[in-house]
Amino acid sequence: MAIRSGTKTVTTAGTRVQLSSTFAQCSEVVVTAYQANTGVIAIGDINVVAASGSERGLTINAAQTEYLHNINLSSIYIDSTVNGEGVSWVATSEM
């Protein structure tokens with residue numbers, strides 16, 4: 001089993017960013033919002049939106065975790081409602 005991990009910060013709220021450019025099919029990806037976040041993080045595909053009232057994707061608050069299964073790491077994007085907030089992540093895949 002291979003394990004990858006990282007962090008991703010949304011510099012400008014409302015501008016989605018790719019979680020990782022690494023093309024890897026993963027058994028599981030665990031995404032946790034930074035504990036210090038004050039806004040909402042949305043997790044989804046390239047169309048993800050975190051803006052209140054227009055949310056698209058899974059939304060999590062500070063220190064919350066979301067589990068994604070059988071997904072390509074490079075297909076995951078995040079957005080935030082506050083500049084400079086983000087997530088940490090861990091991905092596992094079969095070798």
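Reckoned from all heavy atoms, side chains included, excluding hydrogens, waters and symmetry mates. Throughout, residue positions are numbered sequentially from 1 according to the sequence presented.
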Exercise for the section: For side chain to side chain contact (heavy atoms under 4.5 Å, CB included), just list the numbers for Leu19 and Ile43, CA-CA rounded to whole Å, side-chain angles, deciding distance to a tenth of an Å, and then say yes or no. Expected result: CA-CA 9 Å; Leu19 191 66; Ile43 305 164; over 6 Å; no
Value rounded to 0.5 Å, distance of [atom1] in [X] from [atom2] in [Y]:
{"X": "Ile76", "Y": "Glu66", "atom1": "CD1", "atom2": "CD", "answer": "10.5 Å"}
{"X": "Ser80", "Y": "Arg16", "atom1": "OG", "atom2": "CZ", "answer": "12.0 Å"}
{"X": "Ser54", "Y": "Asp79", "atom1": "OG", "atom2": "CG", "answer": "10.5 Å"}
{"X": "Gln18", "Y": "Ser75", "atom1": "CD", "atom2": "OG", "answer": "8.5 Å"}

So [Y] and [X], do their side chains get closer than 4.5 Å, heavy atoms only?
{"X": "Ile41", "Y": "Tyr34", "value": "no"}
{"X": "Val48", "Y": "Arg56", "value": "no"}
{"X": "Ser27", "Y": "Glu94", "value": "yes"}
{"X": "Ser93", "Y": "Gln25", "value": "no"}

Problem - Common cluster, Ile71/Ile60, ILVMFWY with side-chain heavy-atom separation under 4.5 Å - result: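 Yes, Ile71 and Ile60 fall within the same hydrophobic cluster.
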Handout entry: Shared hydrophobic cluster for Val31 and Val17 (ILVMFWY, side-chain gaps under 4.5 Å)
Key = yes
Shortest non-hydrogen contact between [X] and [Y], atoms and distance:
{"X": "Asn72", "Y": "Phe23", "result": "ND2-CE1, 3.1 Å"}
{"X": "Leu58", "Y": "Leu68", "result": "CD1-CD2, 3.9 Å"}
{"X": "Asn37", "Y": "Ala62", "result": "O-CB, 3.3 Å"}
{"X": "Leu73", "Y": "Thr22", "result": "CB-O, 3.8 Å"}
{"X": "Glu28", "Y": "Tyr67", "result": "OE2-CD2, 3.6 Å"}

Practice task
Given side chain to side chain contact (heavy atoms under 4.5 Å, CB included), test Asn61 with Val40 step by step and report yes or no.
Solution key: CA-CA 5 Å; Asn61 294 304; Val40 173; 3.5 Å; yes
Exercise for the section: Would you tell me whether Thr38 and Glu85 have side-chain atoms, one donor and one acceptor, within less than 3.5 Å of each other? Expected result: yes
